[in-house]
Amino acid sequence: MENCNITFIGCGNMSRSLIGGLINNGIKTECLLATDPDAEQRQNIAQLFGIITLENNEEAIANADVIVLAVKPQVMHQVVSSLASAVKGSSKMLISIAAGVRLHSLAEWLEEPTAIIRVMPNTPALIQAGAAALFANEHTTDTQKNTAEAMMRSVGTAIWLDKEELMDTVTALSGSGPAYFFYFMEAMEKAATEMGLSNEHARLLTIETALGAAKMALLSASDLAELRKQVTSPGGTTEQALNTFQQGKLEELVKEAMSAAEQRSIELSQLLSE
């Protein structure tokens, strides 16, 4: 990946996080290029990273080995179709980070066999703590897969999926997941302030508790159920709280919520492929 030329179509937050991660991992700025129809966005990303930015997508991908499609799903058809002639007959690889846009749609818009990888990243990539899942089509080489994986590992963790359909599950888990934890933390913080803690102390203790629990889970050889048992003394305060969660059927609620997110991901994919 060291001498790989990478063009980002779209200068939004995810492009910024990936560009920053790549530079931090030794990629030369002259190997990176970005486009955006918004002049202010182009100027901001050029000043932030010292890379070249252009308005014209076809010009921007002329020498690219990898093209990262970081635009809204609703405009993906238009963007990809406009690149088809420039990609035709080349060995360029496209990486789509747009939710819901399936490989067969991207392939149809390109009109000929092309190496394409779908990636579902998440917002913690902005602080190099992302969790991404990847799935490649049959035209993607092992070298190209390694390049895509290295790019995503520059901003966090990356895994490969066995089936593209699992992207909907990943969307419901890690794609939407940060919001679930923020919601739960928000509820904990609110409860603590209503029980007497100051807003500052409630926020700090909530965030540090969440961070500490996540670190323990990451570093421990024990599974999550075992870790939970280790901090749950029989007849103690933690057990009382967990009993209340169980009585409220929290586990079932979480499953229902994730299933709803997965179903919405499927629905959006169907709409975008029409």
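The analysis underlying the following values was restricted to heavy atoms, covering all of them including side chains, and did not include hydrogens, waters or symmetry mates.
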*About how many Å separate CD of Glu200 and CG of Leu205, when rounded to the nearest 0.5 Å?*
10.0 Å
*asked:* Checking Gln230 against Ser222 for the side chain to side chain contact (heavy atoms under 4.5 Å, CB included) test, could you report, in this order, the C-alpha distance in whole Å, the side-chain angles of both residues, the deciding distance, and whether it holds?
replied: CA-CA 10 Å; Gln230 290 174 9; Ser222 301; 3.6 Å; yes
Under 3.5 Å, is there a donor-acceptor pair between the [X] and [Y] side chains?
{"X": "Ser174", "Y": "Asn122", "value": "no"}
{"X": "Gln41", "Y": "Arg16", "value": "yes"}
{"X": "Asp168", "Y": "Thr171", "value": "no"}
{"X": "Thr206", "Y": "Glu189", "value": "no"}

*Taking the six-membered ring for Trp, are His77 and Trp109 parallel (under 30°), tilted (30 to 60°) or perpendicular (over 60°)?*
parallel
*When Ile117 is tested against each of Asn137, Leu103, Thr140 for side chain to side chain contact (heavy atoms under 4.5 Å, CB included), which residue passes?*
Thr140
*Identify which one of Met151, Met14, Met93 satisfies the side chain to side chain contact (heavy atoms under 4.5 Å, CB included) criterion when paired with Val68.*
Met151
_Shortest non-hydrogen contact between Ala107 and Ile116, atoms and distance_ = N-CD1, 3.9 Å
_Can you give me the closest heavy-atom contact between Ser220 and Leu227, atom names plus distance?_
OG-CD2, 3.6 Å
*asked:* Taking the side chain as everything from C-beta on, heavy atoms only, tell me whether Glu58 gets closer than 4.5 Å to Ser85.
replied: yes
*asked:* When you compare the side chain of Leu106 with that of Val101, does any pair of heavy atoms fall below 4.5 Å?
replied: yes
*Kindly indicate, with the supporting measurements, whether the criterion side-chain hydrogen bond (donor to acceptor under 3.5 Å, both in side chains) is fulfilled by Thr169 and Glu262.*
CA-CA 6 Å; Thr169 304; Glu262 180 188 41; 2.9 Å; yes
_Has Asn5 got a side-chain atom pairing as donor or acceptor with Asn63's backbone, closer than 3.5 angstrom?_
yes
